[in-house]
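Before any comments, here is the structure.
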Amino acid sequence: MKNRTLLALALVASASASLAALPPLTHVKRIDLIPYLNGTNALLSTSQPSDLAIDGSTGTVYVATQRNLAGAGDAGVLKVADSLGTATVSLFTKVSGAAGSDRESRITFYNGSVYWAYGLGETINTLADGSYDPTDIASGMLTSGVRKYSSSGTQDTNFGNVDPKDVQQGVLNPVEIRNNQTGGVIDSNQAQRTEAMDLDPLTNQLGFLNRGSGFLFRINPTNGLNSASISFSATASTGWRDLSFDEVGNAYFKNDNQLWYASRTDATHMSAYTKFLNVGYKPFSSYTKVEYVPAIDTYSSSLYFNTRDTLGGVNQLWLGQTDVAGNPSSAAGWDSSSGDPTNRQPDNKFFGNELIGSTTPNAWTNPLITARYAQIGGRHYLFVLLGGGGQQLDIYELNAPAGTTVSGVLDLNGYVGTDPLTFQVSVRDGASVVDQQSVTVQPDGSYSFTTTASGTKDIYFDGSHWLNKLVTGVALSGTATVNASLLNGDIDGDNFVTIFDYLDLSNAFDSTLGDGNFNAEADLDGDLTVTIFDYVLLSDNFDRSGDD
């Protein structure tokens with residue numbers, strides 16, 4: 001059975017001829033993060049995934065974690081090198097014994113650097129003279145903020161040193177982010193909490209949303225110094241949760257379980273933000289995310305966002321279509337009303353807890369769901385991160401090519417038959433089977449098949465009386481050549497050549513096709529007769545075993 005999920009996700013067709021459907025998604029692989037976050041040997045204990053960033057040039061994924069318990073404790077970043085291939089997981093950085101409660105993390109990759117924002121949502125208090133509250137300093141609260149690292153994990157301790165009174169140099173805290181709106185004077189009248197971070201592609205500045213503020217703050221990614229903030233609203237909000245820019249700097253905001261949009265007018269201004277979706281779940285909801293995905297080929301740009309419902313237990317990732325200008329498309333089924341909880345459009349849910357290959361996937365049971373987009377090697381991917389009990393990273397390809405043609409020649413070890421053979425060929429991602437097919441192998445060993453799997457995979461050959469063979473590290477992209485040598489003699493099909501195979505051959509010895517005791521599996525050389533030549537092949541490989 002093919003163990004592959006192809007999710008063709010589409011919304012109601014647009015009334016506009018210029019609006020295309022959403023790109024299909026093909027599951028590429030699943031990476032289990034539980035061993036690195038739980039147990040005595042975990043890289044980051046008492047920590048759970050919160051956000052991720054992708055280096056598109058290398059396929060490296062940086063997974064930011066947050067505390068999964070209230071109070072001080074560990075949080076950090078896991079580095080997943082070669083995510084589409086071997087997916088090697090290591091510890092990138094770690095903060096131990098710091099404040100942060102169970103607040104969120106955000107992470108962004110830009111121009112070779114990693115920006116990790118830890119403990120977002122923590123309130124950092126200041127006194128009337130602008131100094132920091134000694135209680136916050138003593139508790140480690142000022143460890144909350146943004147840190148900059150090289151791709152090898154070296155922290156830039158000069159980044160964000162904008163306030164000489166800050167005892168945590170090298171950490172850009174929410175108070176410092178917000179100072180640019182008040183002319184460099186610390187505003188002690190409002191809570192200092194940063195909730196969201198994304199790269200502004202129009203100016204290549206880091207954009208931040210601060211809780212209780214009506215401005216989008218911008219930071220120079222080189223040194224962490226303030227740039228001119230973006231005015232998009234005169235109304236402050238305490239519900240900002242996430243931020244995602246499109247290619248030209250228009251912004252999508254997550255405000256609790258609502259989606260808002262503001263178009264860009266210039267480098268420092270946006271139009272008044274407008275709500276275009278209210279899914280009707282719990283109104284005050286953290287851990288909610290939004291991600292913009294650009295148009296791909298003939299497909300429309302799209303949004304991926306999760307909903308959190310602690311009341312009804314519905315935690316899902318949704319997707320919706322945008323129009324050709326990048327605006328939310330009413331023609332695609334968005335609910336542009338004031339928020340009717342019975343009208344949760346778009347009616348397209350992307351399930352993250354699905355069993356790969358299952359036709360009846362289940363919704364997530366944990367609210368920590370994050371989707372992030374990246375282009376790697378000219379192909380488009382959606383990385384879906386699950387926190388809570390699952391703690392896994394799923395990779396999907398958007399608009400995957402028709403498939404990779406895998407072909408080659410198998411050395412069939414003494415086979416001289418003239419009839420084609422049928423092998424079961426599996427495409428594996430570690431222990432997971434992502435594709436399985438019955439493949440015709442010609443008498444000379446040549447074969448060919450097409451798979452929609454992509455990235456670096458392993459190919460497993462299982463054929464009749466040959467020992468199984470695993471070929472590792474095959475790059476699936478367009479075409480791939482895989483040659484292999486197989487060992488003959490496994491008559492009983494247990495993937496071992498033993499005395500039991502010898503007994504089967506003995507029982508069929510000197511028989512020919514059509515005889516009552518003829519055993520086609522014992523005819524190792526394929527000449528339609530069980531003879532001494534078959535015995536020689538079995539003897540040569542006696543006590544050998546195939547690959548698992």
Side-chain angles (χ1 to χ4, degrees), residues 1-4 357 403-428 431-451 453 457-474 480-548:
M1 181 183 73
K2 291 187 179 181
N3 198 14
R4 181 181 71 240
T404 296
T405 299
V406 181
S407 61
V409 176
L410 303 179
D411 181 343
L412 298 177
N413 189 205
Y415 184 77
V416 297
T418 58
D419 294 329
L421 304 162
T422 299
F423 273 65
Q424 296 300 313
V425 180
S426 302
V427 181
R428 293 184 175 184
S432 300
V433 176
V434 296
D435 190 8
Q436 181 172 304
Q437 301 184 32
S438 295
V439 175
T440 299
V441 178
Q442 299 301 325
D444 63 357
S446 62
Y447 72 93
S448 179
F449 70 95
T450 299
T451 177
K457 298 291 185 291
D458 304 331
I459 310 296
Y460 189 72
F461 297 93
D462 178 359
S464 187
H465 44 74
W466 286 271
L467 293 176
N468 298 344
K469 181 69 175 180
L470 181 67
V471 180
T472 61
V474 179
T481 300
V482 178
N483 301 320
S485 296
L486 279 63
L487 299 179
N488 211 339
D490 180 22
I491 297 173
D492 63 5
D494 65 354
N495 208 24
F496 295 89
V497 179
T498 65
I499 187 64
F500 300 106
D501 301 298
Y502 172 78
L503 293 175
D504 286 341
L505 192 148
S506 297
N507 290 333
F509 193 77
D510 207 23
S511 65
T512 300
L513 179 65
D515 292 344
N517 66 329
F518 179 76
N519 183 349
E521 298 300 315
D523 179 20
L524 301 179
D525 62 4
D527 65 354
L528 305 183
T529 303
V530 180
T531 65
I532 189 65
F533 299 107
D534 301 300
Y535 175 78
V536 171
L537 289 173
L538 188 151
S539 298
D540 287 343
N541 297 321
F542 191 78
D543 209 24
R544 303 288 292 273
S545 61
D547 297 330
D548 294 330

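Both backbone and side-chain heavy atoms feed into the values below; hydrogens, waters and symmetry mates do not.
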Q.
The test is side chain to side chain contact (heavy atoms under 4.5 Å, CB included); show your working for Lys457 and Val474 and say whether it passes.
A. CA-CA 5 Å; Lys457 298 291 185 291; Val474 179; 5.5 Å; no
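- Atom CG of Leu537 sits about 10.0 Å away from atom CD1 of Ile491, to the nearest 0.5 Å.
- Closest of all the heavy-atom pairs between Leu524 and Tyr415 is O-CD1, 3.8 Å.
- Atoms OG and CG, from Ser506 and Asn517 in turn, are 11.5 Å apart once rounded to the nearest 0.5 Å.
- Of all heavy-atom pairs between Thr451 and Gln437, the closest is CA-NE2, 4.0 Å.
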Q) Going through the distances and angles, do Leu528 and Asp523 end up as a side chain to side chain contact (heavy atoms under 4.5 Å, CB included)? A) CA-CA 6 Å; Leu528 305 183; Asp523 179 20; 4.2 Å; yes
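- Proximity of a side-chain donor or acceptor of Gln442 to a complementary backbone N or O of Val409 within less than 3.5 Å is not detected.
- At least one side-chain heavy atom of Val482 sits less than 4.5 Å from a side-chain heavy atom of Phe461.
- Here the closest non-hydrogen pair linking Gly417 and Pro443 is O-CB, 3.3 Å.
- A 4.5 Å side-chain heavy-atom check between Leu487 and Val497 finds every atom pair outside the cut-off.
- Nearest heavy-atom pair across Ala508 and Val530 is O-CB, 3.3 Å.
- Residues Asp492 and Asp490 meet the side-chain proximity criterion, which asks for heavy atoms closer than 4.5 Å.
- With values rounded to the nearest 0.5 angstrom, Asp462 atom CG is found 11.5 Å from Thr422 atom OG1.
- Other residues, nucleotides and ligands place no more than 12 heavy atoms under 6.0 Å from the OH atom of Tyr535.
- The closest side-chain donor-acceptor pair between Asn413 and Asn541 falls under 3.5 angstrom.
- When atom types are taken as modelled, the side chain of Thr531 and the backbone of Phe533 share a donor-acceptor pair closer than 3.5 angstrom.
- Atom CZ of Phe500 is surrounded by 12 or fewer heavy atoms from other residues, nucleotides or ligands within 6.0 Å.
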Q. When you look at Asp504 and Glu521, which way does the side chain to side chain contact (heavy atoms under 4.5 Å, CB included) test go after all the steps?
A. CA-CA 9 Å; Asp504 286 341; Glu521 298 300 315; over 6 Å; no
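- Taking CG of Leu538 as the reference point, atom NE2 of His465 lies at 11.0 Å (rounded to 0.5 Å).
- With values rounded to the nearest 0.5 angstrom, Asn495 atom CG is found 4.0 Å from Asn468 atom CG.
- Annotation: ring-ring contact (aromatic ring centres under 6.0 Å, His included) contacts of Phe496 (sequence neighbours excluded): none.
- Across every non-hydrogen atom of Val439 and Ser448, the tightest pair is CG1-O, 4.0 Å.
- Closest approach of Ser426 to Gln436, counting heavy atoms only: OG-OE1, 3.3 Å.
- Atom CG in Asp444 sits 8.5 Å away from atom CG in Leu412 (nearest 0.5 Å).
- Within a 6.0 Å sphere centred on CZ of Phe509, heavy atoms belonging to other residues, nucleotides or ligands number more than 12.
- Scored by the ring-ring contact (aromatic ring centres under 6.0 Å, His included) test, Phe423 finds Trp466 as partners (sequence neighbours excluded).
- In summary, the side chains of Thr529 and Asp527 do not present any donor paired with an acceptor at a separation below 3.5 Å, with no hydrogens or angles considered.
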